[in-house]
Amino acid sequence: SDAVEVGPGNLKVLYSANGGKFTQYFNQRNQVRSSLEQSFSYYSADDGSKDAWKDLQASGAYVFRPNGSFPINSEKKVPVTILQGPLLDEVHQNISSWIYQITRVYKEKEHVEVEFTVGPIPIDNGIGKELVTHIQTDIKSNKTFYTDSNGRDFLKRIRDYRADWDLQVNQPAAGNYYPINLGMFLKDNSNEFSVLVDRSVGGSSLVDGQLELMLHRRLLHDDGRGVAEALNETVCALGKCMGLTVQGKYYIRVDPVGEGAKWRRSFGQEIYSPLLLAFSEQDGDKFT
Amino acid sequence: TTDLLADALAIAQHHDAVSGTSKQHVADDYAKRLFIGYKQAEELVSNSLACMVESASASGCKNPSINFKQCPLLNISYCPPSEADLAPGKKLVVVVYNALGWKRTDVIRIPVVNENVIVQDSTGKEIESQLMPIVKASIAIRNYYATAYAGESPTSSPKYWLAFRATVPPLGFNSYVVTSGKRAVAASIPQTFHRTDGSQ
């Protein structure tokens, strides 16, 4: 009674009518079910002025050095618009004035497509920000997650641990971040939870059952490692310049354990080889 | 051209371009050169598609008469060929090419200004389609970025995404025809639920 069901095909995603967030993923074909909870937060970028580690290191293009994490609208109800049709359902969420999200569930697909539009990241308080989204599931991942290796094999990562040396954890977030070019996944004895991306992002699993993706960054300080400029991208048009707005997609799917690899490899290829569209005109019924 | 995509391929492999660790003016230059590469490739692809399409029905391909256009800014819902009001008696042809070695079925979405549209497959049979309103915020972003990146000020604003299912053979193409002027049977504006205060 508290949920809105979205999805014209086998895949159903439940949205809480109360909070406007998705709560559950259910595939009617294979009966896979998982809780899903999404949230947004940002890491405030270290400006390099503190002497905490005696290296005066600012967060910049090369070095991810957050000094705090702040949830975005975690308590606020988000306006939701749901569009339902024969081919796909869409859920529009205006998360904040600079975060807009469209979630799509297709009739003939068994994954959820999430399109994010983020930016310009506000910097009027003088603090650089690195925006992340968290997707929490009920997978019992036990500190273990898997990330692709430059689009190739998925490698096992264990939080706060390296197999070949004794790791001292000074940066709990940055020390567990990995480059994500294709995707990452979690698994337990029952299910696999996979996320594939359409662009290179940063990612991690800092909490069991949770995957985290960094969607956009806007920084005000140079990290002193070579760029000699802050990562503060702007776009100029119509007589004004503003911070960059990015738009991208990621894809979510839950499979029975051992069955996710096929989707990750085949759909991963499709993400990076999109169908090419070409347009022309023709006269009347002259079908070439 | 003999150096087709040479600059673009070089840039795509440079660690600064991949990771974003370049100065803004360098990133701007990368974007410009990538787009130059894209435009050159677009011409080649358009001619190739024209040859493929014509040779499938006529007698080979010497001087393809079909002129294909692409929509590199479709991601920001900017696609002049699909947004234009078609002249009387004209139909919009969408050729969909699949570069992978297996058959694919996917939902294609293009912006349109008119809700009175139907989609036909290459045999002329009408297929199921769906309209979704384009949100105003997207139009503002689209106009800004179309000006910034393409130097074009959009003259019209599409109202809807037209979605239809395309099936494309391995390493091949399929074509679909969008016709205006007739009330769509299958395409419809979906139900909308809006909640702002907890009530549904």
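By convention in this document, chain letters (A, B, ...) are assigned in the order of the sequence lines, proteins followed by strands, and residues within each chain are numbered from 1. In this text the structure is predicted, and so the values were computed from the model without any measurement.
Interface residue E90(A): only side-chain heavy atoms are found under 4.5 Å from chain B. If you measure heavy-atom distances from T117(A) to chain B, the contacts under 4.5 Å come from the side chain alone. Contacts between Q269(A) and chain B at a heavy-atom distance below 4.5 Å involve backbone atoms as well as side-chain atoms. With a threshold of 4.5 angstrom between heavy atoms, A230(A) does not approach chain B through any atom at all. With a 4.5 Å cut-off on non-hydrogen atoms, N232(A) touches chain B through its backbone but not through its side chain. Neither the backbone nor the side chain of S175(B) has a heavy atom closer than 4.5 Å to any heavy atom of chain A. Heavy-atom distances place no part of P179(A) under 4.5 Å from chain B, backbone and side chain included. Of the atoms belonging to T21(B), heavy atoms from both backbone and side chain fall under 4.5 Å from chain A. Looking at N67(B), the atoms closer than 4.5 Å to chain A (heavy atoms on both sides) all sit in the backbone: N, CA, C or O. Of the two parts of L92(B), the backbone and the side chain both hold a non-hydrogen atom closer than 4.5 Å to a non-hydrogen atom of chain A. Residue contact with chain B, scored on non-hydrogen atoms closer than 4.5 Å, involves the backbone and the side chain of L277(A) alike. At a 4.5 Å heavy-atom cutoff, the contact between V168(B) and chain A is made by side-chain atoms alone.
A donor and an acceptor atom, one from each side chain of Q93(A) and Y100(A), are nowhere located under 3.5 Å apart. No side-chain donor from either of E43(B) and N47(B) sits under 3.5 Å from a side-chain acceptor of the other. The closest side-chain donor-acceptor pair between D46(A) and S59(A), if any, does not fall under 3.5 angstrom.
Contact tally against chain B (heavy-atom pairs below 4.5 Å) for K240(A), E108(A), Q247(A): the top residue is E108(A). Most heavy-atom pairs under 4.5 Å with chain A: of the set F164(B), Y97(B), Y144(B), this distinction falls to Y144(B). Among the candidates D16(B), N75(B), V45(B), the residue making the largest number of heavy-atom pairs closer than 4.5 Å to chain A is N75(B).
When each of V80(A), I82(A), D89(A), V112(A) is tested with T103(A) by the rule side-chain contact (heavy atoms from CB on, under 4.5 Å), just one qualifies, namely V112(A).
A donor-acceptor pair under 3.5 Å is formed between the side chain of T23(A) and the backbone N or O of L14(A). The closest donor-acceptor contact from the side chain of H111(A) to the backbone of V105(A) lies at 3.5 Å or more, if one exists at all. Of the possible polar contacts, one joining the R142(B) side chain to the S77(B) backbone as a donor-acceptor pair under 3.5 Å is found.
Counted within 6.0 Å of NZ on K249(A), heavy atoms from surrounding residues, nucleotides or ligands total more than 12; the atom is thus considered enclosed.
Side-chain contact check for V6(A) versus K12(A): every heavy-atom pair is 4.5 Å or farther apart.
F279(A) does not carry K69(B) over the face of its six-membered ring by the limits of under 6.0 Å from the centre and within 45° of the normal.
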